[in-house]
Amino acid sequence: MEQYAIKGGNPLVGEVEIGGAKNAALGVLAAAIMTDDTVIVDNIPDVRDINVLLNAMESIGVVVNRIDRHTAKINASMISAFVIEDEFIKKIRASYYLLGALLGKYKHAEVALPGGCNIGSRKIDLHIKGFKALGAEVKIEHGLIIADAQRLKGAHIYLDTVSVGATINIMLAAALAEGKTVIENAAKEPHVVDVANFLNSMGANIKGAGTDVVRITGVQKLHASEYAIIPDQIEAGTFMLAAAITKGDITVKNVIPKHLESTTAKLIEMGCQVEESDDAVRVVASRRLESTQVKTLPYPGFPTDMQPQISVALALANGTSIVTESIFDNRFKYVDELAKMGSNIKVESNTAIIEGVSHFTSADLTAPDLRAGAALVLACLTADGFSTVDDIKYIERGYEDFHIKLQSLGAQIDKVMSEKDLQKFKLKVG
Ligand code: UD1
């Protein structure tokens, strides 16, 4: 039993330092194996998904040296196998970036079919379409995706759906292909740009990342680099919503405010004050939130990874809100959990109709996935009395020291391992 024990009711107030972006780090670390030189990557978040990816890299012979909690020295000159086993991929979907990285560098890769959070059907057809367009033969056998090429040749690839994963994976393979690749309808997320910048720092030639057309001119070899990952826009957004939900006053520090614009815009519509400076954003919520409409969209639209957090806020707002999830088809699983706290949300296919209630009551909840898990913790922080959130392994996939950062903002939350710990927590916070 590992769960968060929470006594809600305190507004969260203070400053919180945001770590490196998990989803950018997953792409950058996979890209780091594409050179035989040593690469140093800084601002890596110390979260489970990253540690699983690093273990997967070590399993094929990559030497990973953790200089400190957020910095790794990576040397991939001794790669001895090209098969990424199921045990890693089952835990994190993004191990599939090793497919693009290995295919680009060695023209051969075998990676188990991806897992990851169960937030709906998560296909991989566009990744495969891209690799095939570059000249690879791709087949699925015994649960493995096997990609193999004599040589990779640049191609014109149109993505039918905007996909972060496919854009990054194709960019990785194409960086070491012969000639020019054009990815049309590419994802524009900040982490796509970060992976492109990192590849360029290793000698790749990638232009247009951050727009919907990415142009890659293949190079023969990549070289050493030192690189720092961008701040995590979703971790930052989660703490911004923590201020809104608990009627608090939180400054998220070490962020790129531009990456947070869609969240900022919604918070202002909901009646929060938001102040931006160069690398910080302050959110103050001094009155009851107002209802609004939200539709998740690829960047720069409102991120699907912020949908549960904003829905929790809207569940407490004055009036009726509509939240439409247009990226994944199974991302409202937390609604049943939230109902235990007295929320009033009706889900019809990809839309949630949220009637705001005045307050939540405490409850024992289970995290259904990473972002929904974090959203439920925020809900508990505003509910009077004791709550628990179970299955926090999901939350730890993507948030470093989540409960410690919340504590520093005045939250009464602890990670407990047993019934005895839980009783101790209750005695401590009264
Ligand atoms: C990434 C993020 C995840 C985020 C998502 C959308 C990582 C590790 N994960 O996931 O946190 O929620 O972007 O911002 O960066 N699709 C296809 N075929 C494919 C690939 C995707 O149809 O081959 C569809 C998916 O089913 C989904 C949509 O495209 O409906 C977007 O998915 P995608 O952007 O690929 O998400 P991930 O890269 O898996």
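If you're wondering where the values come from, they're calculated on a predicted model, not measured in any experiment. One-based numbering, in listed order, for ligands and for the atoms of each. Numbers here are sequence positions counted from 1.
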May I ask you to check if ligand 1 and [X] share an N or O to N or O distance below 3.5 Å?
| X | value |
| --- | --- |
| I327 | yes |
| V164 | yes |
| K22 | no |
| G165 | yes |

Discussion item. Using a strict threshold of under 4.0 Å (side-chain N to carboxylate O), is an ion pair present between E396 and K393?
Written reply: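 A salt bridge is absent here (no side-chain N lies under 4.0 Å from a carboxylate O).
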Mode of [X] contact toward ligand 1 - side chain, backbone, both, neither (heavy atoms, under 4.0 Å):
| X | result |
| --- | --- |
| D305 | side chain |
| T304 | side chain |
| Y299 | neither |
| H127 | both |
| L126 | both |
| R331 | side chain |

Using a 4.0 Å cutoff against the non-hydrogen atoms of [X], which atoms of ligand 1 qualify?
| X | answer |
| --- | --- |
| Y96 | 37 (P), 38 (O), 39 (O) |
| N23 | 2 (C), 3 (C), 7 (C), 8 (C), 9 (N), 11 (O), 15 (O) |
| R93 | 39 (O) |
| L26 | 8 (C) |

Worksheet item: Checking E184 side chain against V213 main chain: does a donor-acceptor pair fall under 3.5 Å?
Response: no
Worksheet item: Where the side chain of D68 meets the backbone of T71, is there a donor-acceptor pair that is under 3.5 Å apart?
Response: yes
Just wondering, do [Y] and [X] contact through their side chains at under 4.5 Å, heavy atoms?
| X | Y | value |
| --- | --- | --- |
| I216 | V214 | yes |
| S311 | Y334 | yes |
| Y399 | D232 | no |
| D279 | V255 | no |

Response to the item:
Tightest non-hydrogen contact, residues A379 and M341, listed as CB-SD, 3.8 Å
Worksheet entry | side-chain hydrogen bond (donor to acceptor under 3.5 Å, both in side chains) partner of E178, chosen from R151, K153, Q220 |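 When R151, K153, Q220 are each tested with E178, the side-chain hydrogen bond (donor to acceptor under 3.5 Å, both in side chains) holds only for R151.
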Worksheet entry | Enclosure of K340 NZ (heavy-atom neighbours >12, cutoff 6.0 Å) | yes
Discussion item. Check for me whether V162 has a heavy atom closer than 4.0 Å to any atom of ligand 1.
Written reply: yes
